[in-house]
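Structure first, commentary second.
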Amino acid sequence: MVSLPDFIRGLPKAELHLHIEGSLEPEQMFEFAKRNAIALPFASVEALRAAYDFANLQDFLDIYYQGADVLRTEADFRDLALAYFHRVAADGARHVELFFDPQTHTARGVPFGVVAEGLLAGMAQAQRQLGVSSKLILCFLRHLDEDAAFATLREAEPWLDRIVGVGLDSSEVGHPPAKFAQVFRAARERGLKLVAHAGEEGPPAYVWEALDLLHVDRIDHGNRALEDDALVQRLVREKLTLTVCPLSNLKLCVVSDLAGHPLKRMLQLGLKATVNADDPAYFGGYLAENWIAVSQALALTREDLIVLAKNSFTGSFLTPDEVAGHLAAIDAYAAAQPAIA
Ligand code: ADE
Ligand code: ZN
């Protein structure tokens with residue numbers, strides 16, 4: 001019999017909620033700062049790590065945007081992506097749909113193409129060397145206005161055939177999905193998939209808006225949807241995937257402890273929940289660590305874990321044939337591992 005951590009690491013799975021800038025480890029931040037001759041406002045890796053103490057989403061975002069300043073060249077973005085893929089491959093990920101925040105970089109004078117080409121090079125290398133497939137999702141920063149999002153979509157045009165969709169992230173409260181209805185419509189008309197962070201700190205009304213005004217294909221987080229029974233019924237009926245991030249929720253005080261995390265309830269309600277890392281370098285764990293921590297805290301069963309793994313592929317933007325292949329791999333794994341110690 002395998003242990004719970006071994007069962008989880010071996011289980012084929014996808015990661016659907018990962019901000020690549022949030023995988024920038026403190027050591028790597030110092031390395032990039034050195035090679036780009038940038039002075040960091042922290043004396044050491046330890047001092048930087050000690051600053052990762054957040055009371056809410058905004059506390060985190062302030063330090064996350066500051067950290068991203070060390071990313072300047074195509075090689076930086078490629079190396080950042082590759083380091084992440086090595087970690088997530090060891091966690092049993094077979095596929096990743098990763099977010100990037102182009103406005104964080106273009107506002108500093110780093111061209112969109114430098115960011116996109118660097119990330120795409122890392123993704124191609126991960127496919128070749130690690131067998132991990134991936135797709136790229138361009139996120140609009142919701143604390144900026146819709147005109148800025150439109151300008152970013154225009155800048156992205158030459159790369160849109162290699163970008164699967166658009167998302168919406170950054171400071172949620174005070175920046176409802178309605179603010180981005182037109183640019184999401186333009187993205188939809190362009191054939192892009194649509195996702196949005198909603199219900200992380202924001203109210204259930206923001207999840208309704210993401211569905212009704214943005215027409216999203218997935219909800220990122222969605223924790224606060226559970227406060228509204230009619231919304232839960234809608235999400236269940238439409239089989240909307242929620243990309244849930246347990247260690248992020250803990251670090252950003254969305255939940256006070258993991259034992260009180262809503263993941264088990266989401267599964268019991270029939271919601272298509274998945275487990276993801278969000279910003280692993282800042283929140284204390286990559287994909288498997290999220291799975292292990294939340295499984296232990298909520299006493300998830302082997303069957304729950306198999307459902308979560310299947311949800312991660314059925315909720316992905318892979319083709320039906322590709323999804324079917326991954327589901328068959330999960331079934332084969334489950335048959336070979338009939339119990340957890
Ligand atoms: N950007 C990076 N991580 C985020 C999160 N968890 N919520 C909103 N914006 C983000
Ligand atoms: Zn996120």
Side-chain angles (χ1 to χ4, degrees), residues 14-25 29 52-69 71 80-81 84 88 96-105 107 115 119 135-144 148-149 152 165-177 179-180 193-203 206-207 209-210 214 216-225 241-255 261-263 273-287 290 294 312 315:
E15 175 144 67
L16 303 180
H17 186 155
L18 181 282
H19 302 263
I20 196 64
E21 295 91 345
S23 73
L24 178 61
E25 288 289 337
M29 202 186 291
Y52 293 178
D53 181 22
F54 316 115
N56 53 43
L57 174 59
Q58 193 61 51
D59 275 2
F60 154 69
L61 290 172
D62 292 343
I63 208 161
Y64 160 86
Y65 294 130
Q66 184 185 50
D69 185 42
L71 300 166
L80 177 70
Y84 160 72
V88 84
V96 178
E97 299 187 353
L98 61 154
F99 299 132
F100 74 119
D101 286 339
Q103 289 158 294
T104 304
H105 312 301
V115 182
L119 294 177
K135 295 182 185 291
L136 197 52
I137 299 176
L138 181 171
C139 279
F140 301 121
L141 297 182
R142 69 201 305 158
H143 66 272
L144 302 178
T152 302
V166 300
L168 188 63
D169 67 0
S170 192
S171 320
E172 186 182 9
V173 175
H175 302 286
K179 191 176 153 185
F180 296 92
K193 300 286 189 188
L194 309 175
V195 300
H197 284 54
E200 179 183 17
E201 287 186 344
Y206 285 21
V207 181
E209 283 187 17
L214 304 188
V216 293
D217 297 291
R218 287 201 297 251
I219 295 284
D220 296 314
H221 296 294
N223 299 47
R224 292 196 57 195
T241 296
L242 305 183
T243 63
V244 179
C245 306
L247 291 175
S248 164
N249 293 157
L250 185 64
K251 270 299 245 188
L252 300 185
C253 305
V254 169
V255 296
H261 195 278
L263 182 69
T274 60
V275 173
N276 308 273
D278 206 2
D279 301 283
Y282 293 88
F283 299 152
Y286 284 76
L287 185 59
N290 273 271
V294 78
S312 75

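Keep in mind that what you see is a predicted model, and the values were worked out from it rather than measured. Indexing begins at 1, ligand by ligand and atom by atom, following the structure's order. Because only heavy atoms are used, hydrogens play no part in the values below, and waters and symmetry mates are left out as well, while side chains stay in. Position 1 is the first residue of the sequence, and the numbers go up from there.
- Ranking protein heavy atoms by distance to atom 3 (N) of ligand 1, first place goes to Asp279 OD2, 2.7 Å.
- The ring of His19 has its center no closer than 6.0 angstrom to the ring center of Tyr282.
- Within the 3.5 Å criterion, the main-chain N or O of Leu144 finds a donor-acceptor partner in the side chain of Lys179.
- Across all non-hydrogen atoms, the minimal contact from Val207 to Ile219 is CG1-CD1, 3.9 Å.
- Between the Zn ion (ligand 2) and Cys245 there is no N/O/S contact shorter than 2.8 Å.
- The aromatic rings of His197 and His221 stand perpendicular to each other, their planes meeting at an angle above 60°, with 30° marking the opposite boundary.
- His221 lies apart from the Zn ion (ligand 2) in this respect, since none of its N, O or S atoms is found at a distance under 2.8 Å.
- Here Phe60 has side-chain heavy atoms under 4.0 Å from ligand 1, and that is the only part of it that gets that close.
- Summary of contacts: the protein heavy atom closest to atom 4 (C) of ligand 1 is His19 NE2, 3.5 Å.
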Step-by-step ring pair (Phe, Tyr, Trp, His ring centres under 6.0 Å) determination, His143 to His175: CA-CA 6 Å; His143 66 272; His175 302 286; 7.0 Å; no
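- Residue Asp220 places every heavy atom at 4.0 Å or more from ligand 1.
- No side-chain N or O of Asp62 forms a donor-acceptor pair with one of Gln66 less than 3.5 Å apart.
- Taking any N or O of Ser170, backbone or side chain, at least one lies under 3.5 Å from an N or O belonging to ligand 1.
- For a threshold of 3.5 Å applied to N or O pairs, the pair formed by Asp278 and ligand 1 contains at least one separation below that value.
- Taking every heavy atom of Leu57 and a limit of under 4.0 angstrom, the matching atoms of ligand 1 come to 5 (C), 7 (N), 8 (C).
- With a 4.0 Å cut-off on non-hydrogen atoms, His221 touches ligand 1 through its side chain and not its backbone.
- The name of the N, O or S atom in Asp278 nearest to the Zn ion (ligand 2) is OD1.
- Our summary of the site lists the angle at the Zn ion (ligand 2) between NE2 of His19 and NE2 of His197 as 100°, to the nearest 10 degrees.
- Two residues are said to be in side-chain contact when any heavy atoms from C-beta on lie closer than 4.5 Å; Tyr64 and Leu24 fail this criterion.
- Of the options Asp279, Asn276, Asp278, Asp169, a side-chain hydrogen bond (donor to acceptor under 3.5 Å, both in side chains) to His17 is made by Asp278 and by none of the others.
- Heavy-atom separations between Tyr64 and ligand 1 include at least one value shorter than 4.0 Å.
- Of all protein heavy atoms, the one lying nearest to atom 7 (N) of ligand 1 is Glu200 OE1, 2.8 Å.
- Side-chain contact annotation: Ser170 with Tyr65, donor-acceptor N/O pair under 3.5 Å present.
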